Amino acid sequence: MKKPQEIVSILPGDLSSVALHRLMLSAIAPRPIAFASTIDRNGRINLSPFSYFNVFSTRPPVCIFSPSRRVKDNSEKHTLENVREVPEVCISVVSRAMTEQMSLASSDFPKGVNEFEKAGFTPRSSELIRPPGVMESPVCFECRVDEVKALGTEGGAGNLIFCTVLQIHVQKSFMRDDGTLDPVKLDLVGRMGEDWYCQTGSTSMFRVPKPGMVTGIGVDGLPEAIRFSEWLTGNELGKLGHLTRLPDATALQARRESKQFQEIWNRVDGNRQQAREEIHKLAKTLIEKGQLIDAIEIMMVTE
């Protein structure tokens, strides 16, 4: 609901592959990391991280990651060559404690070099596939490769590797008593642009409750004076948009007669603009505490 900012519009074809890669990966972030271990027809193991990665289905459980063709010489990654020869992959997630070693494993070692050994990781034997997982990883996914879809033939073109999860291995210390994963203990990292990463420890995570079974009124259902408030952020308006209805006249009258409102009104000597500013700032605090009804009621009675 704020004023639009100045925009720089860019056509992908106007940028070099390197510049486009840098722009897209800086803007589309953070990205989870698939630490993919594969094996070639001769039994040689490869371990490499890919941040073009996510989960795309639960039933069936499907993950997709994408090794891009190298920009410098348009060659294919060893991981891509391996899954064509042996269509299996073990995907290990990456915690903060593994990050430096993971980065080392991403080095462009010659084909046949075992990155487990180079980076100092411990192979964990898989049960249903041949490539091992990373023992140090909190969670490993044994996967069957079902399809490899090339997205282009130039340097930088991705190759989508569709993986069906056959078995999941979880270190018990990262699980809660109810069998769910503890995101604080996992401390996973995400890939940002350039040399940057982010981690998901307790100081950087926050909760946003999912909408309930009843649909809220939405930001467009809020009174205009609240919707276009110069003191409320989009996040705060979003929280108010979860309300299922606006307060009725009885609730607003009770709020108008409340000691809290009367003290503010008397303090500003009935100046509506000063009252609006003070009350909207108070509402910010109430919203932060989850007191959405109190927040919207006290704002509506100033209008």
Side-chain angles (χ1 to χ4, degrees), residues 2-38 46-57 62-84 89 91-96 98-109 115 119 137 141 143 145-163 183 186-201 204-206 208 233-235 238:
K2 307 303 181 183
K3 294 181 179 179
Q5 302 297 310
E6 182 179 357
I7 299 296
V8 176
S9 299
I10 301 168
L11 295 173
D14 292 341
L15 298 179
S16 68
S17 295
V18 172
L20 181 59
H21 178 85
R22 184 182 296 120
L23 175 62
M24 292 187 68
L25 268 63
S26 293
I28 303 174
R31 301 179 306 281
I33 301 170
F35 209 10
S37 50
T38 56
N46 181 269
L47 177 65
S48 188
F50 299 94
S51 67
Y52 287 170
F53 164 63
N54 221 308
V55 57
F56 290 88
S57 173
V62 173
C63 295
I64 301 175
F65 71 100
S66 176
S68 298
R69 301 179 70 91
R70 295 183 180 91
V71 173
K72 61 181 180 181
D73 59 6
N74 198 23
S75 60
E76 294 183 342
K77 303 287 180 65
H78 300 146
T79 298
L80 181 59
E81 295 173 348
N82 285 358
V83 297
R84 289 200 181 108
V89 60
I91 297 175
S92 303
V93 301
V94 179
S95 67
R96 178 66 182 91
M98 301 165 54
T99 309
E100 295 292 343
Q101 289 172 277
M102 179 274 300
S103 179
L104 177 57
S106 70
S107 301
D108 198 8
F109 294 113
E115 286 84 3
S137 174
F141 299 88
C143 302
V145 173
D146 294 318
E147 180 184 356
V148 178
K149 181 177 178 57
L151 301 180
T153 58
E154 298 181 20
N159 294 273
L160 303 184
I161 299 179
F162 292 75
C163 307
L186 282 174
D187 197 19
L188 299 179
V189 297
R191 194 72 172 89
M192 307 293 287
E194 301 177 336
D195 293 335
W196 292 94
Y197 291 80
C198 65
Q199 70 184 100
T200 54
S204 58
M205 289 193 296
F206 57 93
V208 178
T233 66
N235 279 333

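Not measured: the values here are computed from a predicted model. Starting from 1, each residue takes its place in the sequence as its number.
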I need the full list of side-chain hydrogen bond (donor to acceptor under 3.5 Å, both in side chains) pairs touching residues 22-32, with sequence neighbours left out, sorted by first then second residue. R31-S51

Atom CG of D14 with >12 non-hydrogen neighbours under 6.0 angstrom: yes

Of all heavy-atom pairs linking V89 and C163, the shortest is CG1-SG, 3.6 Å

Measure the spacing between CZ of R191 and CZ of F50 and express it to the nearest 0.5 Å. 13.0 Å

If you compare all heavy atoms of I91 against all heavy atoms of F65, which two are closest, and at what distance to 0.1 Å? CD1-CD2, 4.1 Å

Looking only at non-hydrogen atoms, find the nearest pair between T99 and R96 and report the distance. OG1-O, 3.0 Å

Contacts of type side-chain contact (heavy atoms from CB on, under 4.5 Å), residue I64, not counting sequence neighbours: F56, V62, L160, F162

Let me see the working for V71 and V18 under side chain to side chain contact (heavy atoms under 4.5 Å, CB included), right down to the final yes or no. CA-CA 8 Å; V71 173; V18 172; 4.2 Å; yes

Can you list the steps and then say if S137 with M98 is a side chain to side chain contact (heavy atoms under 4.5 Å, CB included)? CA-CA 8 Å; S137 174; M98 301 165 54; 4.0 Å; yes

Are the side chains of V189 and I33 in touch, meaning some heavy atoms are under 4.5 Å apart? yes

Those residues at least two apart in sequence (or on a different chain) that pass side-chain contact (heavy atoms from CB on, under 4.5 Å) with D146 are R144, T164

Any luck finding a side-chain donor-acceptor pair between D187 and S95 under 3.5 Å? no

Full working for side chain to side chain contact (heavy atoms under 4.5 Å, CB included) between K77 and T38: CA-CA 11 Å; K77 303 287 180 65; T38 56; over 6 Å; no

Applying salt bridge (Lys or Arg N to Asp or Glu O under 4.0 Å), name anything that partners R69, two or more places apart in sequence or on another chain. E76

Taking atom types as modelled and ignoring hydrogens, do the side chains of S75 and D73 form a donor-acceptor contact shorter than 3.5 angstrom? yes

To the nearest 0.5 Å, how far apart are CZ in F109 and NE2 in H78? 11.5 Å

Check L104 against A119 and note the closest heavy-atom contact, atom names and distance. CD2-CA, 3.8 Å

When every non-hydrogen atom of N159 is compared with those of A157, the smallest separation belongs to ND2-O, 3.7 Å

Going by the rule side-chain contact (heavy atoms from CB on, under 4.5 Å), which residues pair with M192 if we only count those two or more places apart in sequence or in a different chain? A29, P30, W196, C198

Rounded to the nearest 0.5 Å, what's the gap from OG on S66 to CG on L151? Could you check? 6.0 Å

Do I161 and P67 come within less than 4.5 Å of each other through their side chains, counting heavy atoms only? yes

Shortest non-hydrogen contact between S37 and L47, atoms and distance: CB-CD1, 3.9 Å

Rounded to the nearest 0.5 Å, how far does OG of S17 lie from CG of N74? 9.5 Å

With sequence neighbours left out, write down each residue that passes side-chain contact (heavy atoms from CB on, under 4.5 Å) with A19, or none if nothing qualifies. L15, S16

